[in-house]
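Atom set for the values below is all heavy atoms of this structure, side chains included, hydrogens, waters and symmetry mates excluded. The sequence lines fix the lettering, A, B, ..., with proteins before strands; numbering per chain opens at 1.
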Amino acid sequence: MAEAALKDRPATDGFDPTSYHVREGGRGTAVEIRDFSLWYGTKQALFDVGMSIEAGLVTALIGPSGCGKSTLLRCLNRMNDLIDGIRIEGRIAIEGQDIYAPAADVIAIRKRMGMVFQKPNPFPMSIFENVAYPLRVDGIRDKVLIQETVERSLRGAALWEEVKDRLNENALGLSGGQQQRLCIARAIAGSPEVLLMDEPCSALDPIATAKIEELMDELRGQFTIVIVTHNMQQAARVSDNTAFMYLGRLIEYGETEVMFTKPKVARTQDYITGRFG
Amino acid sequence: MAMDAVTSETAPPGVGSRQGVMPQRAAAGRVRLADLSAQGEPWLWCLGGALALGIVMILGFLVLVFWNGVVTFWPKPIEVVRLTDDSVIAGLPTRSARFRVGDQVLAALPAEKRAEIAANGGFADRTLYRVGNYDLYGEDFRWAADFEVVDRSRPMDLVLVERLEWGVFVGRIAAFTRGGETVRVDDPTSPALAEAWRTARARWHEIRRIEKGEIGTVNHHLEQERLRLRRALLEHPDGGPAAEAARARFAERESHYQAQYEALAARAQALKAQHEAETVTLIDVNGREKVQPLGTLVRYHAANQLTLLGKLDVYLSRWAEFLTDEPREANTEGGIMPAIFGTVAMTLLLVIAVTPFGVITALYLREYARQGRLVSIVRISVNNLAGVPSIVYGVFGLGFFAYIVGGSIDQLFYPERLPSPTFGTGGLLWASLTLALLTVPVVIVATEEALAAVPRSMREGSLACGASKWQTIRNIVLPRALPGIMTGIILAMARGAGEVAPLMLVGVVKLAPELPIDGFFPFIHLERSFMHLGFHIYDVGFQSRNSEAGKPMVFVTTLLLIALIFAMNLTAIIVRTRLKRKFAGSQF
């Protein structure tokens, strides 16, 4: 495994090297991040992050605000390209393919990495068209295929029963939780390999949150899920592996149960027990 | 204020006391100022007052234009006024005014009138009468001072006649001819007269139809043949069989159309003879006679015996003529249909030209261009363009569009018409493009703002679905920004439709012979000059023979221009509201 090589790295800036004790899913590595650093202008936001995300498992990224977990997530589908003055070093690879290689096709990469955002962001179109959007931009015109995909995706996002009679209504009329599940349906309609979720429940009430968590449980295995969350109970509930980040560094990355019961690094312990953060 | 007064009164002069009082006074002043500015009351009143002033000015303007415009066509009674010098005038009282009586006039007056005027401080009242009968007396309006009026009356048989030429006639209809015999008219409302008048008017319309419509068509075809021949001769300057064939064809077509023309002209001539033969005799209050063809009477009514319904009838018929007919009498009478048409056509063309241009520019500036110094300079320049005086655009439009672009088009595509220009002079197209240039900054700025206001989450959502940047802009950003873009277009339309100065250089004329749209290929003639309501107002109000006669028309035309711009803006706003409703449920 890649961790063996990573563990030998010397400590920098008073931070110990990352502690790894990852549970392996048996399906290999979906995304590999090596020595990844990122700067916004002159400010460094990520320091030599290295981690392998196990295929088919749910990986949670936790840490205090500003620790770089969202930045790291948004690097996985190159969403950070939109920001001016960004500079990166290191390598992120999906199944061995470097996504920051000069010849990499950003659009193809994003199609392999579905994304769900912090705030539900359905498009101002009908529910049907929202879910069909990834297919439409692919240029697919086969009506039957689109219909089937939309239904499958909505069922996959546990929304089908609620919206099947009003597929042609504006998606903005749905409730917040429904909108977020619609966004998940939209993300899985493009049949990605990885689902990136950037604090998907932070704008939702507890019931809607519970539904989304349930849904993530169902999606486990079908997709590799990477979720950024502020809610440590949520991370403990839904994830197989958890990565704890602090000040742009990956402090500890390991099996969730171990992370939340007896973490190997003191700083993780402090954060999880609520001593800071 | 009160505190200041008290302090300065109670503080005795002297160094010692000043030391004691000054700090106290400063402290008091500071507290009071802080109170006022903290409450913000004075500012609130200031802001509210400014708004109220603005609203009052706009309302006052609208009411003035609306009232003057609405009453213009309402029929007024005819007054016959006998003056002290035994002359009689008949006319429509238009307005009254107070004036200072001149010394010479005063000296000629009898003593009691002089005393009356002196009691009024040397002022007297006078009334302006629209007396008409320009062909008989050479003036349309006459003032009658109150002190020279002996008596006023409103005889029932007086008639106001609106004519094709020489303006209105105020007087009596004495007789008309029918089939060579003269019929006396005692009552201006007599059905026999009305019947004869309707027949004569129908004949006159028929003559116009033949002359403008049918003969116009023949002339058009003849002109086309002539141009075809010229083109053939230009292509074969050395003669040869092709040129000969063209000549032969032209001779054959020409004789064909000539024959058609002669037949039509003969018909028109016959009708005209009839038209001239059936006359009407008008007599004014002083007994002067005027004989003219009955068909040249546009409208007549016995002004003093109109019932309310009759007045309404005249009123509506005048509005109908105004809205649907062509102008006559140097634009001071008749309708303004060509001007309405020209204004609407120009504004629509302006929108068609400005929208893609402005939106595409803004899209590039906001979405694709690297935001650096160059883009900032471009943006500032665009904003400054909005402040360039509009006449400058007119000069540019004339020099660039008409002379350079239009001149080149003429050289390339219409050589047979030279030296008379086709596109090489002002016209509808060049006017619209000039105004599009004038208004494009508005669209660019509004579109840029609308694009910037599209939430980042929408773009990210689309990009995360694997959409390209263009697909995102096309499917998500543009629809979302559409209401804002519409706002820009509405503003551009409002500015463009009301602009006059540049148009005077690039294609607006006092009287356009033809509409830019007709039945001849290619149906829309963008090169033609056109009429415009804004210019019409200027022309009628300030360039006509008699500005007093034009004044009501100025108000009516202004009313119409405002109504037109209002209608166009309202349409655009309704469209925008529909679009906005689509996004009403959005959380962002």
Side-chain angles (χ1 to χ4, degrees), chain A residues 73-74 76-85 105-126 129-139 169-176 179-180 182-183 185-192 195-198 203, chain B residues 363-376 378-379 447-448 450-487 575-588:
Chain A
L73 187 82
R74 293 163 63 87
L76 299 185
N77 67 344
R78 291 189 58 173
M79 209 39 109
N80 280 336
D81 289 11
L82 303 181
I83 299 165
D84 283 334
D105 178 358
V106 183
I107 290 173
I109 290 163
R110 289 186 184 142
K111 280 177 184 157
R112 297 171 69 177
M113 317 285 275
M115 191 164 196
V116 179
F117 295 84
Q118 189 170 355
K119 273 185 183 168
N121 59 349
F123 304 135
M125 324 167 166
S126 70
E129 283 304 319
N130 259 282
V131 183
Y133 189 75
L135 305 176
R136 298 251 190 246
V137 297
D138 265 354
E169 280 176 31
N170 197 322
L172 299 172
L174 295 173
S175 74
Q179 287 190 3
Q180 193 62 303
L182 182 69
C183 290
R186 186 175 72 194
I188 61 181
S191 4
L195 263 187
L196 308 173
M197 296 186 162
D198 189 358
Chain B
L363 262 182
Y364 185 79
L365 273 182
R366 175 62 60 182
E367 300 286 333
Y368 285 101
R370 182 185 288 276
Q371 305 294 316
R373 185 172 299 177
L374 185 66
V375 167
S376 295
V378 168
R379 209 168 266 146
T447 306
E448 273 214 72
L451 290 175
V454 174
R456 198 191 174 80
S457 64
M458 287 284 156
R459 297 164 194 266
E460 287 183 344
S462 170
L463 290 171
C465 286
S468 69
K469 185 159 190 177
W470 171 245
Q471 283 172 323
T472 301
I473 290 172
R474 166 83 191 69
N475 295 320
I476 306 294
V477 176
L478 268 186
R480 178 85 195 203
L482 215 49
I485 296 172
M486 288 291 294
T487 306
V575 172
R576 183 180 61 181
T577 316
R578 287 247 169 102
L579 288 172
K580 260 189 187 160
R581 209 173 295 149
K582 249 176 103 175
F583 311 115
S586 171
Q587 294 184 327
F588 303 99

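A:Y133 OH to B:T472 OG1: the interatomic distance, rounded to the nearest 0.5 Å, is 4.5 Å. Between atom SG of residue B:C465 and atom CD1 of residue A:I107 there is a gap of 12.0 Å, rounded to the nearest 0.5 Å. For the atom pair CD1 (B:I476) and CE (A:M125), the distance works out to 3.5 Å, reported to the nearest 0.5 Å.
Of the atoms belonging to A:R74, it is side-chain heavy atoms, and not backbone ones, that fall under 4.5 Å from chain B. Of the atoms belonging to B:R456, it is side-chain heavy atoms, and not backbone ones, that fall under 4.5 Å from chain A.
The shortest heavy-atom contact between A:V137 and B:A467 is CG1-CB, 3.7 Å. Of all heavy-atom pairs spanning B:M458 and A:P122, the tightest one is CE-O, 3.2 Å. A pairwise comparison of heavy atoms in B:G466 and A:R110 identifies CA-CB, 4.2 Å as the closest pair.
A:N121 places a side-chain N or O within donor-acceptor distance of the main-chain N or O of B:S457, the cut-off being under 3.5 Å.
In terms of non-hydrogen atom pairs under 4.5 Å with chain B, the most contact-rich of A:R78, A:M79, A:R136, A:Q118 is A:M79.
Surrounding CG of A:D105 are more than 12 heavy atoms belonging to other residues, nucleotides or ligands, all under 6.0 Å away.
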